[in-house]
Number of protein chains: 2
Amino acid sequence: MREISAPKKGKNSNKRFMAARKKYTISDIARELNTTSSTISRALQDSPRISLKMRKAAQELARLHNYEPDFRASSLRKGNSKIIGILVPKIDRHFFATVLSGIDEIAAPAGYSVLICQSFESFEKEKQLVKNLMHGRVDGIISSISIQTTDYSHFEQVIAKGLPLVFFDRVCESLKASKVMIDDYQGACMAVEHLIDNGCRNIAHFSGPQHINVYRDRTRGYFDTMKKHGLEVNDQLIIKDAITRDAGCQAMKKILKLKNLPDAVFSSGDYSALGAILCARDAGVIIPDEMAFTGFANEPWDSFIDPPLTSIDQHAFEIGKQAATLLLQQIESTDSVFVPRTLVLSPELVIRTSSVRKVLT
Amino acid sequence: MREISAPKKGKNSNKRFMAARKKYTISDIARELNTTSSTISRALQDSPRISLKMRKAAQELARLHNYEPDFRASSLRKGNSKIIGILVPKIDRHFFATVLSGIDEIAAPAGYSVLICQSFESFEKEKQLVKNLMHGRVDGIISSISIQTTDYSHFEQVIAKGLPLVFFDRVCESLKASKVMIDDYQGACMAVEHLIDNGCRNIAHFSGPQHINVYRDRTRGYFDTMKKHGLEVNDQLIIKDAITRDAGCQAMKKILKLKNLPDAVFSSGDYSALGAILCARDAGVIIPDEMAFTGFANEPWDSFIDPPLTSIDQHAFEIGKQAATLLLQQIESTDSVFVPRTLVLSPELVIRTSSVRKVLT
DNA sequence: TTATTTTATACAATCGATTGTATAATAATT
DNA sequence: AATTATTATACAATCGATTGTATAAAATAA
């Protein structure tokens, strides 16, 4: 790393004088117009209680000085912040980033900004962040819980304080909060069904931590679909906690040592599917004919890896939009009671080469 | 999409009573202890001006009631918000998401939260968001400008207000603000140099809008390196505004119609490189032997596409850390003058199959 | 015991905008 | 002209925490 020293055009030309500048406030406008701040406040809101002349004058002056009301002051008085807090495990995962875009799509036009916090999958950090979001900082919270989280008391406090809360994807099922998710069970069924349609019978399954609803549901979908088709499940082919690329690779290595190789892998994540594919390919396995693969998440790179990976799309953008909509409804509702809602979106099977076989019937 | 109706356990069991609950404030504690809010405020800050007995009592009561100071009130009084505003084109791009993680890495432990805004590459939206961030909402801004932005008056206002501002990646060179970027020129030189090392002589170049510093610098690096090696540049092989996958594909289609095909493509983005690769591969071009490719950005999928794509890593995480560090320094500085700094990180060439040829010398 | 210092707390102003109520100045009504 | 209604603005309280100054009480010194 290097530092560019700014070119010296003249004396102090690159220095900037810091804001000794005092804030220009509503009372400054009032002073200039020989009136009081209350009048100006109303004038700027175009209140009919103020004469047209005064309104024009105040607005003109405000424009001239580039005046905007101070957020802290007005939100203290009005009791809201026009900020939504978002708490997710990690922002650089495509799924979460996309959900966020969906949230923004609804929140921004409604005049809400978005405060984003990352738990980095840490329970402690999540707890601390929730606490931090609580006291007047945000008008509501949208969250997907960290993978470590099994105790939900911090979220219970949010609810107890009456702060609107919406969960998405990784939700806490026992809490009385709105939730938006996709039907992970159905997604898993679709994937496995598809593999079976393509002639696979001995299907391996990679999943994630079973205390997280999404992984549990996907695994359940796998078992149920296998059962439905009368297919036997080989315990050695069920690998839990394989959701990273590396874990997928390790899992495949283990599997390749078995005498009875599976003819397909249904993975609860695209990264582990990828790891497994690369590992299998290296070992000379022909994909999809000897072994078919389906992932879960429909990562953007699924379509251009070799072979392109069949996956389940989670409609992340839509999840974000729905979550934001529910939250804003709750924030802006004047009802004294609130009935939490649970929305379940249908996932979509995106079929690509990794799973399409010439069926040998 | 469907909605799950909550199971009815009993009367109103799924309803939640909204916060009629009044806020528990510092004065409530004061009342309970027969003292005033100023005493409690000091007690909670462990001020030596308050007796130990009172401090203990106040802290105990605060803990009991789960009291935390109201953010709006304390930030109004203290004149800060402990929030950093981030303004980026789009959060679901891996580069930006990673920079953000880097920022968070520095900001969070320093007690700052992060307010994220997306301009969606729109100048109007960017202007509006900057305005929105200005009046007491944040203590400083970190931004990468939108692709449409050529007028910087909104940022000038930020500087004029004395609000700390740091640019990264896509910076505005003329403004007196700190900047953090990678050496795009050097990155381009490295990529082209590498292609030449691999025997390429007739190198095409895809780039982006030339009013953006990063694309301009990459293109300059390309031209200079070609010149340095005495290689001729064919105007038909220079495609500006090709930074999406689709544009890359279109550009490649055009190129494939030429009589004199290039033996390499240096693209200023990985997505356009990908589009070009897929298109070329479809047309039967052998990569890298007939045509080598290098991209720019080192997207996470670079390593697992076919063939793996050589690219330039931008050290996004480090950029974020540096930008946050500069910003926090500026926020917390008590100096009356501020000298903007410009940090330039070295990019890194990540060599993969797409560009490594058996050199035919 | 009185004067002086120390200690602990109360009082009051402040941050900047908002909003209910009061009042002065007009205008309309009888 | 006197009374009422209307209009425009001023006054003051408020949101909740922070912080400088004043004051009462206790402790020390004279």
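Just so we're on the same page: letters track the sequence lines, and every chain starts at 1. Worth saying up front: this structure is predicted, and the values here are computed from it rather than measured.
- Between the side chain of B:R72 and the main chain of A:G136, a donor-acceptor pair closer than 3.5 Å is present.
- Within residues 55-65 of chain A, no residue approaches DNA chain D, by heavy-atom distance under 4.0 Å.
- Distance alone, capped at 3.5 Å, places no donor-acceptor pair between the A:K82 side chain and the A:N80 backbone.
- Taking the six-membered ring for Trp and the full ring otherwise, the centers of A:Y24 and A:H65 sit less than 6.0 Å from each other.
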Scan nucleotides 18-27 of chain C nucleotide by nucleotide, 5' to 3', and note B when protein non-hydrogen atoms come under 4.0 Å of the base, S if they reach only the sugar-phosphate, - if neither. BBBB------

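- Phosphate proximity of C:dC15 to B:S75: absent, as no side-chain N or O sits under 4.0 Å from OP1 or OP2.
- Here the CD1-CG distance, from A:I142 to A:L327, works out to 5.0 Å after rounding to the nearest 0.5 Å.
- Cation-pi geometry between B:R16 and A:F338 is not satisfied (NZ or CZ under 6.0 Å from the ring centre, within 45° of the ring normal).
- Between the side chain of A:E121 and the backbone N or O of A:I147 there is at least one donor-acceptor pair closer than 3.5 Å.
- Within the structure, a side-chain polar atom (N or O) of B:T36 is placed less than 4.0 Å from OP1 or OP2 of C:dA10.
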Which dot-bracket string describes DNA chain C (Watson-Crick N1-N3 plus N6-O4 or O6-N4, or G-U N1-O2 and O6-N3, all under 3.5 Å; [ ] crossing; | other strand)? ||||||||||||||||||||||||||||||

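- A:Q118 contributes no side-chain N or O that, together with a main-chain N or O of A:V88, makes up a donor-acceptor pair within less than 3.5 Å.
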